Amino acid sequence: MKILVCISHVPDTTSKINFTDGDTKFDTNGVQFVINPNDEFGLTRAMWFKEKQGASVAVANVGGPETEPTLRKALAIGADEAIRINTEAKDGFAVAKELANVIKDRGFDLVIAGRESIDYNGGMVPGMIAALTNANFVNKCIGLEIDASTSSATAIREIDGGKETVSTSLPLVIGGQKGLVEESDLRIPNMRGIMMARQKPLTVVEPVGANAETTSVKFEKPAPKGAVTLVSPDNIGELVNLLHNEAKVI
Amino acid sequence: MSVLVYIESDQGKFKKSALEVASYGKAVADKLGTSVTAVTFNVTDASELGKYGVDKVLNVSNSNGFDAKVYADAIKQAATTEGSKVVVLSSTSDSTYLAPLLAVGLDAGYASNVVALPTSTAPFVVKRTAFTNKAFAFTEISTDIKIVAVSNNSFGLVEASGNATMESFSPNLPSSNVKVESVDKATDKVSIADAEIVVSGGRGLKGPENWGMIEELAEVLGAATACSKPVSDLGWRPHSEHVGQTGKPVASNLYIAIGISGAIQHLAGINASKVKVVINTDPEAPFFKAADYGVVGDAFEVVPALIEKLKEFKAQNA
Ligand SMILES: Cc1cc2nc3c(=O)[nH]c(=O)nc-3n(C[C@H](O)[C@H](O)[C@H](O)COP(=O)(O)OP(=O)(O)OC[C@H]3O[C@@H](n4cnc5c(N)ncnc54)[C@H](O)[C@@H]3O)c2cc1C
Ligand SMILES: Nc1ncnc2c1ncn2[C@@H]1O[C@H](COP(=O)(O)O)[C@@H](O)[C@H]1O
């Protein structure tokens with residue numbers, strides 16, 4: 001089984017978000033970049049398929065050379081090879097088209113992407129890849145089992161207020177998240193992994209030049225918050241009163 | 001040319017998020033000087049949609065239940081039939097599942113997490129949350145057809161006077177390749193996605209045995225229950241309750257955080273909530289900087305008192 005894990009290179013969750021150039025560009029100054037958390041869950045599940053079922057695992061990113069340390073980290077965690085599609089990630093649609101092109105070229109049975117990236121929050125790349133490559137698709141996937149001999153898959157999908165179990169077949173694309181594996185299963189690359197990652201192939205692929213269909217023309221930070229209104233613990237009735245009469249939410 | 005809205009229903013009842021989508025679609029249609037057409041599945045009475053500005057309903061009968069690919073294809077055919085240039089849907093699990101498939105089908109630019117009406121329609125620019133609520137992006141959609149997913153509770157319900165006429169619509173549906181084997185859904189509980197009020201507990205509650213009061217508070221308020229990440233990682237509560245940057249997003253009208261410190265990753269995920277209340281023993285907890293109302297106090301005293309006061313309030317206002 002050939003697996004591709006799509007890796008989005010995103011600001012670390014503790015990052016303060018700022019903009020430059022008249023609020024038109026994300027300010028990367030002092031920002032640490034990491035593997036998108038949803039993709040890390042997916043990558044860890046892929047490692048399980050590699051170790052238990054002999055799958056091969058490639059990782060891919062659409063981005064400039066600055067994303068290579070993130071791909072190397074994925075190699076250090078255990079992926080076999082990395083692919084960087086050498087173009088700026090303009091929007092979800094363009095990213096999905098670039099990835100779909102590589103997927104068609106190389107053929108993958110299972111493509112694991114994240115339910116959403118924590119920077120763009122598009123929630124669109126996995127579904128678009130599925131539609132573009134004519135693969136089956138399960139979004140918000142919180143559990144996945146594959147039987148490669150019959151090309152069949154069982155997945156658990158989160159729905160509002162619960163979950164559902166579905167059966168489907170390969171080729172399959174999933175939008176993954178926590179639940180695919182647990183937090184405690186995530187791996188921190190060790191020295192050996194980091195050394196081995198240096199020997200693993202990181203192939204740079206030229207883009208097909210897909211056009212972006214959406215452009216973020218400007219950014220804005222949320223308005224600063226006014227001071228909190230404190231209510232004494234001895235006077236909780238006042239909180240009920242404020243929520244009813246002032247905030248009008250109950 | 002009409003604005004197309006995808007209206008979700010559950011056992012014949014329209015979801016609140018769907019009525020919000022109708023309201024949003026109506027407001028966009030007014031800007032564009034056109035009407036609103038809704039796509040529904042398995043609905044017998046669509047008159048309620050008229051009240052939210054829908055002019056025409058295309059109802060698809062399909063006995064197989066939700067399937068993202070099948071539904072996306074049906075909506076695509078409706079958009080083509082209607083010549084729609086704008087398609088609006090909600091941010092539910094089902095809508096965000098099918099939206100990217102629809103975007104490919106219609107070769108349409110798609111913007112998710114949209115929180116306001118387009119700031120302009122030519123060019124078509126929408127305001128959406130980005131960086132997990134740490135910022136907003138103004139996103140221009142440059143394709144002929146535009147798809148917009150409206151964030152829950154961001155626009156609200158706006159009543160209009162209207163009459164929705166229903167037509168049956170029989171698109172050519174593709175076969176499904178994803179078969180639902182079983183569904184596990186608590187029908188007696190409010191889901192975080194649908195909830196107007198969310199009551200959330202953190203590590204300050206010390207252990208899973210103390211969640212009784214959280215559930216009781218949620219019940220009095222008709223709220224959903226949620227928790228911080230460590231609480232679900234420790235197995236005190238199910239993963240489905242984990243909210244924050246790496247958990248579920250919350251965009252409720254009221255969010256009550258109990259024994260939660262207010263780490264940046266937690267706040268990012270719940271910041272879209274309109275009114276935030278924090279109950280915490282530590283006045284220095286960062287949540288106080290993000291909250292509208294705060295109580296510096298012990299949850300084990302404050303929460304039972306709050307439940308009691310709310311019950312009195314409910315009794316008086318019943
Ligand atoms: C990559 C990454 C992603 C993350 N994503 C998320 C996420 O999505 N969601 C999330 O929640 N966290 C997330 N976190 C974790 C986050 O950084 C915090 O560790 C977490 O939110 C803290 O949870 P807490 O507030 O419940 O616990 P704590 O930080 O331990 O806070 C407990 C609070 O309870 C208070 N308290 C104690 N006793 C009482 C009492 N009797 N009454 C009232 N208050 C009391 C304390 O004063 C304290 O403020 C993430 C972290 C990382 C590194
Ligand atoms: N530039 C990118 N390169 C590779 N994969 C990406 C990229 N952007 C997004 N993805 C994948 O698509 C998922 C969803 O991203 P998004 O649609 O932007 O929310 C991410 O979790 C990644 O798996």
Side-chain angles (χ1 to χ4, degrees), chain A residues 11 13-14 17 19 37 92-93 118-124 126-128 130-132 136-140 142 154 158-169 178-179 183-184 213-222 225 228-231 233 236-237 239-240 242-244 247 249-250, chain B residues 68 92-93 96-97 100-101 103-105 109-113 125 129-132 134-143 177-186 189 191 193-194 221 233 239 245-246 253-254 264-265 275 288 290-297 301-302 305-306 309-310 313:
Chain A
T13 57
T14 56
I17 304 298
F19 302 98
F93 216 139
I118 63 167
D119 54 355
Y120 188 68
N121 303 130
M124 59 175 81
M128 286 175 169
L132 291 166
N136 297 324
F137 176 47
V138 176
N139 202 26
K140 290 198 174 178
I142 53 172
T154 305
E158 190 175 274
I159 56 176
D160 296 335
K163 56 190 177 184
E164 70 185 21
T165 304
V166 300
S167 60
T168 183
S169 58
K178 184 167 107 172
E183 185 83 15
S184 52
E213 308 204 318
T214 58
T215 322
S216 292
V217 285
K218 203 173 165 64
F219 296 94
E220 183 181 285
K221 300 231 281 177
K225 185 112 210 120
V228 62
T229 303
L230 289 179
V231 175
I236 290 302
L239 181 59
V240 175
L242 287 167
L243 292 177
H244 180 62
V249 286
I250 59 170
Chain B
T92 61
S93 288
T96 51
Y97 187 1
L101 305 179
V104 172
Y110 165 47
S112 57
N113 297 314
V125 179
T129 56
F131 297 95
T132 322
K134 289 178 186 169
F136 296 104
F138 291 87
T139 300
E140 178 179 336
I141 310 179
S142 46
T143 43
N177 295 316
V178 178
K179 183 164 167 270
V180 179
E181 302 288 348
S182 64
V183 180
D184 177 2
K185 185 171 170 180
K189 284 188 72 181
S191 75
D194 296 332
L221 288 166
D233 288 342
H239 285 313
Q245 189 164 12
T246 54
N253 287 332
L254 173 61
I264 187 166
Q265 298 98 346
V275 175
F288 284 98
D292 302 277
Y293 301 98
V295 183
V296 179
E301 288 160 20
V302 174
L306 181 57
K309 291 292 175 195
L310 281 167
F313 166 80

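Nothing here was measured: the structure is a model prediction, and the numbers come from that model.
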Evaluate the side-chain proximity of [Y] to [X]: yes if any heavy-atom separation is below 4.5 Å, no if none is.
X: Glu213(A); Y: Ile141(B); result: no
X: His239(B); Y: Ile142(A); result: no
X: Phe93(A); Y: Thr143(B); result: no
X: Leu239(A); Y: Val302(B); result: no
X: Leu306(B); Y: Val240(A); result: yes
X: Tyr97(B); Y: Ile159(A); result: no

Pro126(A) versus chain B, the contacting section by heavy-atom distance below 4.5 Å: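 Neither the backbone nor the side chain of Pro126(A) comes within 4.5 Å of chain B.
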Toward chain B, the part of Lys218(A) with a non-hydrogen atom under 4.5 Å: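 Its backbone and side chain both get close to chain B.
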Return the option, out of [options], with the maximum number of heavy-atom pairs under 4.5 Å with chain A.
options: Thr246(B), Asp233(B), Leu310(B); result: Asp233(B)
options: Asp184(B), Val125(B), Val275(B); result: Asp184(B)
options: Val296(B), Val180(B), Asn253(B), Asp194(B); result: Val180(B)
options: Ala193(B), Ser112(B), Gly297(B), Ala186(B); result: Ser112(B)
options: Ala68(B), Ala137(B), Ala111(B), Gly105(B); result: Ala137(B)

Looking at [options], which makes the most heavy-atom pairs under 4.5 Å with chain B?
options: Glu183(A), Lys140(A), Lys221(A); value: Glu183(A)
options: Pro222(A), Gly179(A), Gly162(A); value: Pro222(A)
options: Gly122(A), Pro37(A), Gly123(A); value: Gly122(A)
options: Thr154(A), Leu132(A), Val138(A); value: Val138(A)

Asn113(B) side chain to Asn121(A) backbone, donor-acceptor under 3.5 Å: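 Yes, Asn113(B) side chain to Asn121(A) backbone: donor-acceptor pair under 3.5 Å.
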Check: Ser191(B) side chain, Asp160(A) main-chain N or O, donor-acceptor pair, under 3.5 Å: no
Separation between [atom1] of [X] and [atom2] of [Y], rounded to the nearest 0.5 Å:
X: Tyr120(A); Y: Thr132(B); atom1: OH; atom2: OG1; answer: 13.0 Å
X: Leu221(B); Y: Leu243(A); atom1: CG; atom2: CG; answer: 8.5 Å
X: Phe219(A); Y: Phe138(B); atom1: CZ; atom2: CZ; answer: 10.5 Å

Considering non-hydrogen atoms only, spot the tightest contact between [X] and [Y] and give its length.
X: Ile17(A); Y: Phe131(B); answer: CD1-CD2, 3.6 Å
X: Phe137(A); Y: Val178(B); answer: O-CG2, 3.8 Å
X: His244(A); Y: Phe313(B); answer: ND1-CZ, 3.2 Å
X: Gln245(B); Y: Ile118(A); answer: NE2-CD1, 3.6 Å
X: Leu101(B); Y: Ala131(A); answer: CD2-CB, 4.0 Å
X: Lys134(B); Y: Thr14(A); answer: NZ-C, 4.4 Å

Working for side chain to side chain contact (heavy atoms under 4.5 Å, CB included), residues Glu301(B) and Ile236(A): CA-CA 10 Å; Glu301(B) 288 160 20; Ile236(A) 290 302; over 6 Å; no
Distance-only side-chain donor-acceptor flag, Glu181(B) / Thr165(A), under 3.5 Å: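 Short answer, no.
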Between Thr168(A) and Asn177(B): side-chain donor-acceptor atoms closer than 3.5 Å: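 Absent: no donor and acceptor within the cut-off.
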side-chain hydrogen bond (donor to acceptor under 3.5 Å, both in side chains) evaluation trace for Gln265(B) with Thr13(A): CA-CA 6 Å; Gln265(B) 298 98 346; Thr13(A) 57; 3.0 Å; yes
NZ/Lys163(A): more than 12 non-hydrogen atoms of other groups inside 6.0 Å: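 No.
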